[in-house]
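For reference, the structure discussed in these notes is given below.
Note that the structure is predicted; figures quoted are calculated from it, not measured.
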Amino acid sequence: MRILVQKFGGTSVADLTCMRQVQAKVEKALADGYKVVCVLSAMAGETNRLLTLAREWSSRPDPSEQDVLIATGEQVSVALFTMLLRDAGWKARSVLGFQMPMHTDNDYGKARIMNIDSDRLKQMLDEHEVLVAAGFQGCDECQRITTLGRGGSDTSAVALAAALEAERCEIYTDVEGVYTTDPNLCSRARKLDRVAYDEMLEMASMGAKVLQIRSVEFAKKYNVPVLVRSTFSDASGTLVTKEDPSMEEVKVSGIAYDKDQARVTLREVPDRPGVAAAIFGPLADAGILVDMIIQNVSEQGRTDMTFTVSRSDLDRALEILESVAKEIEAKDLIHDLGVCKVSVIGVGMRNHSGVAGTAFRALTAENINIMMISTSEIKISCVIEEKYLELAVRTLHDAFELDKQPAEN
């Protein structure tokens with residue numbers, strides 16, 4: 001049995017006209033001899049509408065009941081699309097998360113997939129040409145509905161492809177693939193033919209909206225080829241796949257950015273063992289992700305500790321840190337919302353020197369001050385003032401000549 005998983009996002013199923021374009025993609029795969037698992041998101045805007053409804057009814061919606069509510073968006077999509085396929089004469093059925101079943105933990109709103117009953121799904125595929133699966137949702141051990149977090153339909157699709165040993169997973173969206181940077185910020189951004197899993201992980205972690213980061217983690221773990229394509233064109237798309245030697249010939253593959261950043265500084269912290277644990281332990285216990293961390297050189301037994309958190313976590317972080325600051329006798333607690341992060345990404349950085357120097361010189365030439373720096377073997381990230389974001393992205397894109405094809409880079 002040749003199996004293909006195709007996932008379509010909210011804009012792809014926004015209305016009947018869009019769904020007919022989805023139908024054409026599915027029918028093309030069927031004509032090519034595949035059994036198709038078609039994973040759908042809720043119609044564009046529907047999840048936001050349901051979340052707004054929840055907040056109208058409750059100031060603090062119960063997470064498990066909110067999952068029950070917002071999972072209905074995908075249920076509408078799969079039912080309507082299955083009707084289209086059946087009217088066209090195809091053997092198709094809709095499948096919800098609990099019917100697969102896709103088992104998750106009970107962390108409502110951001111549940112993680114534990115296992116999928118692939119035998120049951122294959123049995124359904126024996127009887128049908130297309131399974132129209134609800135993305136974004138699963139069920140816990142108590143048979144309560146769970147959701148996987150925003151963008152979770154990507155994760156649903158890749159997990160299903162892994163469980164069913166599908167030939168590949170196609171992610172259809174409203175863009176034609178993965179670009180060297182955001183085309184909305186840089187008109188010279190170029191669509192990439194291929195991206196390594198590690199590069200895509202870094203891009204997703206930096207806020208690139210093409211794929212949810214957990215879907216890329218699944219793809220890498222189970223070696224699932226993921227093809228990112230547009231629902232609305234026949235462009236070849238971008239293949240997210242395992243790294244090969246040719247990818248390392250290119251120093252830099254892309255420039256990513258993240259505006260969801262807030263900088264926090266604890267000033268004049270006592271420089272003694274255990275202080276870092278006293279600061280970051282309570283933040284971790286509260287589920288607050290700390291990104292970049294810088295500790296200044298100690299003077300007279302005291303130092304400044306600066307780090308970044310998501311803006312959505314800032315208020316909770318400050319509430320926790322106010323108490324921590326008193327306990328450790330820090331002089332002051334300050335924060336800054338006017339920052340962002342830009343990153344230079346590429347697996348080729350492992351084998352090429354000079355990337356950091358090129359990036360720093362390019363930003364300096366535009367008088368863009370770098371506040372914080374962090375590195376990994378395939379990424380260099382800089383925190384800068386948010387007002388310089390667009391200029392920084394375009395400057396770095398030009399500095400590494402990313403508008404050129406790889407052979408010319």
For the pair Asp67 and Thr147, evaluate side chain to side chain donor-acceptor pair (under 3.5 Å) and give the outcome as yes or no after the intermediate values.
CA-CA 6 Å; Asp67 272 7; Thr147 65; 2.8 Å; yes
Could you tell me which non-hydrogen atom of [X] sits nearest to which non-hydrogen atom of [Y], and how far apart they are?
{"X": "Thr47", "Y": "Ala42", "answer": "OG1-CB, 3.8 Å"}
{"X": "Glu199", "Y": "Val347", "answer": "OE2-N, 3.0 Å"}
{"X": "Phe136", "Y": "Ser156", "answer": "N-OG, 2.8 Å"}

Where the side chain of [X] meets the backbone of [Y], is there a donor-acceptor pair that is under 3.5 Å apart?
{"X": "Thr52", "Y": "Asn48", "result": "yes"}
{"X": "Thr72", "Y": "Leu69", "result": "yes"}
{"X": "Arg311", "Y": "Gln261", "result": "yes"}
{"X": "Arg86", "Y": "Ala92", "result": "yes"}
{"X": "Ser77", "Y": "Ser41", "result": "yes"}
{"X": "Ser343", "Y": "Lys379", "result": "no"}
{"X": "Lys341", "Y": "Lys259", "result": "no"}
{"X": "Tyr388", "Y": "Asn369", "result": "no"}
{"X": "Thr238", "Y": "Val178", "result": "yes"}
{"X": "Asp117", "Y": "Met100", "result": "no"}

Under a 4.0 Å N-O cut-off, is there an ion pair linking [X] with [Y]?
{"X": "Glu217", "Y": "Arg214", "answer": "no"}
{"X": "Glu65", "Y": "Arg144", "answer": "yes"}
{"X": "Lys7", "Y": "Asp154", "answer": "yes"}
{"X": "Arg350", "Y": "Glu243", "answer": "yes"}
{"X": "Lys35", "Y": "Glu129", "answer": "no"}
{"X": "Asp119", "Y": "Lys122", "answer": "no"}

Between Met102 and Ile113, is there a side-chain heavy-atom distance shorter than 4.5 Å?
yes
Side chains of Cys186 and Tyr179: does their closest heavy-atom pair fall under 4.5 Å?
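Side chain of Cys186 against side chain of Tyr179, heavy atoms only: no contact under 4.5 Å found.
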Any chance you could lay out the side chain to side chain donor-acceptor pair (under 3.5 Å) test for His397 and Thr180, step after step, and finish with the verdict?
CA-CA 8 Å; His397 196 272; Thr180 50; 2.6 Å; yes
Under the criterion salt bridge (charged side-chain N to carboxylate O under 4.0 Å, His left out), I'd like the reasoning laid out for Asp198 against Lys220: C-alpha separation, chi angles, the key distance, then a yes or no.
CA-CA 8 Å; Asp198 285 340; Lys220 180 181 177 182; 2.5 Å; yes
Side chains of [Y] and [X]: any donor to acceptor distance under 3.5 Å?
{"X": "Thr155", "Y": "Ser215", "answer": "no"}
{"X": "Thr146", "Y": "Asp140", "answer": "no"}
{"X": "Glu170", "Y": "Gln6", "answer": "yes"}

Over-ring placement of Arg229 relative to Tyr172, 6.0 Å and 45° cut-offs
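Pair Arg229/Tyr172 does not count as cation-pi.
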Asp403 vs Arg188, salt bridge (charged side-chain N to carboxylate O under 4.0 Å, His left out): CA-CA, chis, key distance, verdict
CA-CA 6 Å; Asp403 56 321; Arg188 293 182 295 280; 5.0 Å; no
Working for salt bridge (charged side-chain N to carboxylate O under 4.0 Å, His left out), residues Arg394 and Glu390:
CA-CA 6 Å; Arg394 290 195 295 267; Glu390 292 189 23; 3.5 Å; yes
Within the supplied structure, the quantity of interest is the number of heavy atoms (other residues, nucleotides, ligands) at a distance under 6.0 Å from [X] [atom1]; does it exceed 12?
{"X": "Gln123", "atom1": "CD", "value": "no"}
{"X": "Glu141", "atom1": "CD", "value": "no"}
{"X": "Glu319", "atom1": "CD", "value": "no"}

Applying side-chain contact (heavy atoms from CB on, under 4.5 Å) between Ile368 and each of Leu389, Leu396, Ile384, report the one that passes.
Ile384
Test side-chain contact (heavy atoms from CB on, under 4.5 Å) applied to Val324 and Leu283, step by step
CA-CA 10 Å; Val324 170; Leu283 294 174; over 6 Å; no
